[in-house]
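Reviewing the structure listed below.
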There are 2 protein chains.
Amino acid sequence: MNIKPTIHDIAKALGIDSSTVSRALNDSPRVTPVTKAKILAKAKELGYQRNMLASNLRKNETHTIGVVVPRISRHFFSSAIQGIEESAYLAGYNVIICQSLEQLEREKKIVSGLVANRVDGLLISVSMETLNYDHLEILKKSGIPVIFFDRHCAIEGVSSVLIDDFKGGFDATNHLISKGCKHIVHFSGPQALEIYKNRFEGYKAALLENNIPFNEEYVISSRLMEQDGYISMQKLLAKNLPIDAVFSANDLSAIGAMKHLKEQKISIPDDIAIVGFSNEPVSSVIEPSLTTIDQSGFEIGKVATELMLEHIKNKKTPKKGQTILIETHLIERNSSKILN
Amino acid sequence: MNIKPTIHDIAKALGIDSSTVSRALNDSPRVTPVTKAKILAKAKELGYQRNMLASNLRKNETHTIGVVVPRISRHFFSSAIQGIEESAYLAGYNVIICQSLEQLEREKKIVSGLVANRVDGLLISVSMETLNYDHLEILKKSGIPVIFFDRHCAIEGVSSVLIDDFKGGFDATNHLISKGCKHIVHFSGPQALEIYKNRFEGYKAALLENNIPFNEEYVISSRLMEQDGYISMQKLLAKNLPIDAVFSANDLSAIGAMKHLKEQKISIPDDIAIVGFSNEPVSSVIEPSLTTIDQSGFEIGKVATELMLEHIKNKKTPKKGQTILIETHLIERNSSKILN
DNA sequence: CTGTTAGCGCATTCAG
DNA sequence: CTGAATGCGCTAACAG
């Protein structure tokens, strides 16, 4: 049998009308329990399975949310997807996951494909190539609600759910200060990118609040690769400045810095405490003494999805665009060892 | 505008029939180039986008392949997905990725959802809970081709694309032998699982071929956690047997073993060479000296998809079930150091 | 409570 | 080459 039964097949077999079958299958109260039971039995017997294409076409809604991320394999995004799926499934929605692989061309195709398949909403974390976003701007006309998460575009009226990098940087610095550190280095990334700018601002704000003078010499900008952290630490030590701790804008460069300290036989836990924004759980495996700032992808996914579900519900009275910030979470490792 | 234009809208605007529009949009040769151009222009002007729900319903095919994996975040599966997407997109197919999270209940829902959405084929790597597979057996009736990859079920007529664990174990052992090792330990997993059994058989076969006597004392079975590798190595050293190398059935326990060796100040590269089946690229970061056996997820994805596309094409004359084995790939790290 | 009718948007006969 | 008519499978008015 490769012919799939339809509601008509089961209606015919029972000598009733297909509309009654449809109602029964949708558990409408307007069908006698008796006939409903008969219909369900027959449906099971024939191995009936609703054709969602037809159903969705008719109802003009798919109960499906399209999700576009740069890469599913990145820890942050796979946990975000986890959060998205959890919220979506609870609300009876399906999820279609797509990855742009950081390519604008792919992203365009994916978005247009999702629209063609009439997803009810679109959650997207744009690719790094997405500097021009006409393909997303167009969506406003299509009436499909869009929400950005983690990486966003400045489109009027579209909401974003983002990591609170400022607070993350603030908390990290504050944490080190509370441990007694005063001379805190900051490894920063390209200031053109908001995330790095915000983390840097958080760092400065925490120093200010604790009456610790800001010293430019303690800030080192780089591309934050492991190699960069290694070299930065090398340069720092050469300067012979007092250093109590390092707050790195990501984990890779923090790991690089630790590597260099180890090679120089400088005891990390006792002399220098390091905190890094973490991208992968790996970092804590590689460096068990690294305290990390988790970007709670799960939560960002949940929040974005719940916001999306509201948008879908109130489609007629669309909400204004808003920005929701998700707090990061500081995870202390081997904390007892840090600065004793 | 949240009203999406249809072929009728563009037909009306041009004073022609919607069927002509449909043909033009499908690039049918039975439309004058002039009208075709007009239609395409109008389509673009109105921001027309084909409703795939309607199109798919009508054509009774979705050009979409459903993919079910336990977890997208696991390296092996995300690379498999990469391979699947590459092959699928080249052939003009879309892919819907779903994760069962190793839960049978979720897997059942996902499969039935994909079928309801009329995917043209199903690529699945079953969950660990999938011991009963009625929900997959049923698919044979639905006429939707199914192919297992990496993890399979014994269903008559359904093809599988699997890792060649026997050859992987054989190659790993052979590699160590070729480096001059004679006393080779094997960390194995539960023999109830085919993968571990096959890797073990490969190990034995390689010994046999090289006239090295098999010694049961060199085989240690465990659940292959990092902790297990650590303890196994501890026990082994206590036995005071000669050991040249270790072939571990996964990377975790290999890492555990290395850890213990390091703690005991036993030089790994020179004294004991270790090879482990790798699950994550992480392992080579944690232990740069670990030689790993890569399970080439990308290739398994590609091969499974290409087989699937053939199945879809020849739907009327279905192929018999077959099993395709994908070779693993040995990746030497710091190889110059191993056994000098 | 059930049947009749209509149509979602598209692709494909069959006529012209 | 184009138009008219039909139906994919389902749901939702509207009647009864």
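Sequence lines set the chain letters: A, B, ... in the order given, protein chains first and strands last, and positions in each chain run from 1.
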Pairing of Lys313(A) and Glu310(A) as salt bridge, 4.0 angstrom limit: no

Main-chain N/O of Gln99(B) paired with Arg106(B) side-chain donor or acceptor, under 3.5 Å: yes

Of the listed nucleotides dA12(D), dA11(C), dT2(D), the one nearest the side chain of Ser22(B): dA11(C)

Nearest-neighbour nucleotide for the Asn51(B) side chain, dC10(D), dG9(C), dC14(C) considered: dG9(C)

Per Ser19(B) side chain, nearest of listed nucleotides dA5(D), dG9(D), dG9(C): dA5(D)

Ile16(B) or Lys59(B), whichever maps to the more 5' nucleotide of DNA chain D: Ile16(B)

Shortest side-chain distance from Thr6(B), nucleotide among dT13(C), dG3(C), dC10(C): dC10(C)

Residue Thr20(B), side-chain atoms from C-beta onward, closest of dA11(C), dA12(D), dT2(D): dT2(D)

Under-4.0 Å side-chain N/O to phosphate OP1/OP2 contact, Thr35(A) with dT2(C): yes

Phosphate contact (dA11(C) OP1 or OP2) by Ser55(B) side-chain N/O below 4.0 Å: yes

N/O donor-acceptor pair, side chain Arg58(B) with base dG9(D), under 3.5 angstrom: no

Whole angstrom value for the distance that separates P of dC10(C) from CZ of Arg23(B): 15 Å

Thr130(A) versus Ser127(A), side-chain donor and acceptor atoms under 3.5 Å: yes

Donor-acceptor pair present, Arg118(B) side chain and dG9(D) base, under 3.5 Å: no

Gap between atoms CG and C1', on Asp17(B) and dC14(C) respectively (whole Å): 13 Å

Val31(A) side chain, from C-beta outward: closest of dC10(D), dT2(C), dA4(D): dT2(C)

Rounded distance (Å) that lies between atom C1' of dC1(C) and atom NZ of Lys38(A): 13 Å

Atom-to-atom span, CD of Glu61(B) to P of dC8(D) - whole angstrom: 16 Å

Between dC8(C) (P) and Asn56(B) (CG): distance, integer Å: 18 Å

Asn60(B) CG to dG9(D) P, straight-line distance once rounded to whole Å: 7 Å

Residue pair Tyr48(B) / Arg50(B), side-chain heavy-atom distance below 4.5 Å: yes

Sugar-phosphate only, base, or nothing, as touched by Asn26(A) at under 4.0 Å among non-hydrogen atoms: sugar-phosphate

Heavy-atom pair of closest approach, residues Arg118(A) and Gln49(B): NH2-O, 3.4 Å

Ile7(B) CD1 to dA4(D) C1', straight-line distance once rounded to whole Å: 13 Å

Residue met sooner reading DNA chain D from 5', once Leu53(A) and Thr32(B) are mapped to nucleotides: Thr32(B)

Pairwise 5' ranking along DNA chain C for Ser18(A) and Pro29(A), keeping only the more 5' one: Pro29(A)

Aromatic ring pairing Phe149(B)/Phe77(B), orientation class (parallel under 30°, perpendicular over 60°, tilted between): perpendicular

For atom CG of Asp27(B) and atom C1' of dC1(D), their distance in whole Å: 15 Å

